[in-house]
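Written below as structure tokens is the structure these notes are about.
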Amino acid sequence: MKKHEFILKDLDCAACGIKIQDKIAESASYQNVVVNYNTLKLSFETDYMQDEVVKADIIEIVSKVEPEVVIMDLDEYKKIKKSDSFNKNKNIIRIIIGMALAGIAFLLKKYELLSNTFLIVSYMVLLYRTIKNAVSLLRKRTIDENFLVTISCIGAFLIDKKTEGLMVIFLYEIGKILEEKAVNNTRKSISELMDIRPEYANLKKANGELEIVEPDDVEIGDVIIVKQGEKIPLDGVVISGEASLDTSSLTGESKHKKVVEGDRVLSGSINDSGLIEIKVLEEYENSTISKILNLVENATDKKTKTETFVNKASRIYTPIVVGLAFIICIVLPVFMNVPFKEALYRALVFLVISCPCAIVISVPLSYFTGIGKASKEGILIKGSNYLDSIRKIKRFVFDKTGTLTKGSFGVEKIVSINSQYSDKDIIELCWQGEKLSNHPIARAIIQKYEELNKNQEKDIVTIYDYKEESGKGISFKQNDKTIKIGSYEYILEGQAKKEKHEENGTLVYISVDGENIGYIVLNDTIKQEAKDTISKLKEMDISTTMFTGDGADTAIKVAKEIGIDSVKAEMLPQDKYSELEKLLEEEHSNNAMVAFVGDGINDSPVLAISDIGFAMGGIGASSALEASDVVLMTDDLKKIVSSIKISKYTNKIIVENLVFALSVKLIVLAFSMLGIAKMWQAVFADVGVTLITIFNTIRILRYKR
Ligand code: ADP
Ligand code: MG
């Protein structure tokens, strides 16, 4: 399967995007077809044909559904986007010409035939785009608002409401242009918010010269130079120089990080001062920045129920409306004694009012904006559906180490309980194995050992059969002996329970051939924002639970200190899984959602089964980016509260927009039935409502807590 992406240029309504999506999906050759109206991106997978054939086929399919839309490659589109004002101006010129012709028609009122001719031409010029769209749709037996406007205008002309017909089309066209502008501006301000895409790289060639190239063209192992004020285009390691990096575009927080030779740097950070030479470790595609951008851009592909509903409903909506208009035409004259011409007029007004634009545009735009807003704050949300679900979470389950605590342990003491082994032997034994692990506990043990043996030679004994069991510990063999280091449960798994030690801190046990020879006490610090976050969640009526593989004493102590409602300790990874399953079942029966918050490294299974998985991103941990639904780039727990607020606010805006749009429509509708509303007022209401909902949506970007 190969993934293809195209831009649907000139796609100008969300419903049309859905039509294209459905049409392509009908063909068995294409899978996972998604049209994203916000980014104009069409993506799908196929394992058939060469690229050119695919493109030709897609062009053909799309031309049948939406002849206006032009299929473009992503690069092609980038280039033309810069010189894009032409099309918009073309429409403005058309409207001016149309109105000028209408003006002449009015001046020539005395000469009826001449005047009418000018008026007809003026109608044709003004209606050109709308009729074209309506006709192309009619051929496929679908009708939409273009059709509604066309028959309203022509109808108005025929029943001798010529000026009104003109007003309708004029306002409609102006509305369309304003609407496009507003939507484009929103899109732009969101992409500016995420303006982190590096445009170029300074590639250092073998002869020492610099060449400016696209980040895409740089290969692993190449050396690039990042000067002051430039963005780091690809992930890599500093090989010379030093600099202070601003990572705010990745994390949403302006923090400066000093890097020197040997430090890893992530693409997307900005070099504030200094000059560094970087050896590239990842191609652009796999670099942090590119992963994050992809994630955010494709986030709105995952649609919420509301969005899907709006899209589906808008397809059957227009035909129903046209049917109703017919009924009005018949019922009013026959049963209510309204003259036929008047009834026809009211039916036309009704058609105009029924345009669903405001709703079809504002719902997806709101989610898109909400996701953009969140990512600006260092919260990556992977889909509108997740953004919408966050506000429904009634229980948060937290992992302890690395999530509620910093995960930077310090060794407090080493205790031997077997006289054959001194403290020194124990830490050395641990060091032999933990060298191979990346767990925070391992790092603490390595550090302690190195501290104790600063200037001494280390005798490295060969170890073999090394195994790490995530959430439990490690095991390996040395001189025919099996050594296990890890949690109480892990060391004594399958054995008659032995002595458990009471200590203040996290205990790691060491066993040799099944015999416990001692333990190490480690201490971790609780994140400073943990307590505050938990109490804020409580204020929101959300319950909290902690799951940990650590011993019960430490777990309870931590939970007490930060105010977590309930704790489960000494859990093996499979226990976390089954306990979470139970919780999910329980909460789902109350119609609530459960979130799991973990450090993303050893919690993938639980992150995956929870309704919403929050992972500590620790900037760029790719397993966290993959396993979860929401990534907190700064590991900052407060961002959980922010994400709930953004989710609620986005929902509030959507509801506001829907209520507003529907009530204005209903009011105008009632007026039109009573014969009070004029046709141009109906268009004005429609265009106005659409614009107001778009502006209302922009409030999400400005939302401050
Ligand atoms: P939490 O569930 O609090 O996030 P982890 O899943 O990271 O904790 O680990 C659970 C327990 O497993 C730790 O408290 C420790 O006892 C043990 N453990 C895990 N990995 C290692 C390791 N590399 N070395 C020693 N002990 C480990
Ligand atoms: Mg953990």
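All ligand and atom numbering here is 1-based and tracks the order in the structure. Residue indices begin at 1 and follow the sequence shown.
Under a 4.0 Å criterion applied to the non-hydrogen atoms of D399, ligand 1 contributes the atoms 1 (P), 2 (O), 3 (O), 4 (O). Near S437, meaning under 4.0 Å from any of its heavy atoms, are these atoms of ligand 1: 23 (N). Atoms of ligand 1 lying under 4.0 Å from any heavy atom of G486, numbered from 1 in the order shown and given with element: 16 (O), 25 (C), 26 (N). For ligand 1, the atoms closer than 4.0 angstrom to any heavy atom of I474 are 23 (N). Interface of K472 with ligand 1, defined as ligand atoms under 4.0 Å from a residue heavy atom, comprises 12 (O), 17 (C), 18 (N), 19 (C), 27 (C). Near H439, with a cut-off below 4.0 Å to any heavy atom, the atoms of ligand 1 are 5 (P), 7 (O), 9 (O), 19 (C), 20 (N), 23 (N). Close contacts between ligand 1 and K576 involve ligand atoms 1 (P), 2 (O), 4 (O), 6 (O) [criterion: under 4.0 Å to a heavy atom]. Short contacts between ligand 1 and T401, defined as distances under 4.0 Å to a heavy atom of the residue, involve ligand atoms 1 (P), 3 (O), 4 (O), 8 (O).
The aromatic rings of F596 and F547 sit tilted relative to each other, their planes meeting at an angle between 30° and 60°.
Where the criterion is an N or O separation shorter than 3.5 Å, residue side chain and backbone included, A442 fails it with respect to ligand 1. For the pair V508 and ligand 1, the shortest N or O to N or O distance does not fall below 3.5 Å. Between D599 and ligand 1, not a single N/O pair is under 3.5 Å apart. Between E469 and ligand 1, a contact under 3.5 Å exists for no N or O pair.
Of the inter-residue distances, the one linking W431 atom CH2 with I446 atom CD1 reads 9.0 Å to the nearest 0.5 angstrom. Between the NZ atom of K373 and the OG atom of S643 there is a distance of 13.0 Å, given to the nearest 0.5 Å. Note that NZ of K435 and CD of Q432 are 5.0 Å apart. Values are rounded to the nearest 0.5 Å. One finds the CE atom of M571 at 8.5 Å from the CG atom of L580 (value rounded to the nearest 0.5 Å). The CD1 atom of I653 lies 12.0 Å from the OH atom of Y367; values are rounded to the nearest 0.5 Å.
The heavy atom nearest to atom 13 (C) of ligand 1, considering only I441, T403, I445, is found in I441. The nearest non-hydrogen atom to atom 24 (N) of ligand 1, considering only E434, K484, K400, R443, comes from E434. Nearest-heavy-atom check against atom 16 (O) of ligand 1 across G471, G433, P573, S487 picks out S487.
No more than 12 heavy atoms of other residues, nucleotides or ligands lie within 6.0 Å of CD in Q528, so this atom counts as exposed by the packing criterion. Within 6.0 Å of atom NZ in K424, 12 or fewer heavy atoms from other residues, nucleotides or ligands are found, so the atom counts as exposed in its surroundings.
Figure legend: cation-pi geometry between K484 and Y490, with NZ or CZ positioned under 6.0 Å from the six-membered ring centre and within 45° of its axis.
Contacts of E503 classified as side chain to side chain donor-acceptor pair (under 3.5 Å), with partners at least two apart in sequence or in another chain: K413, Y519.
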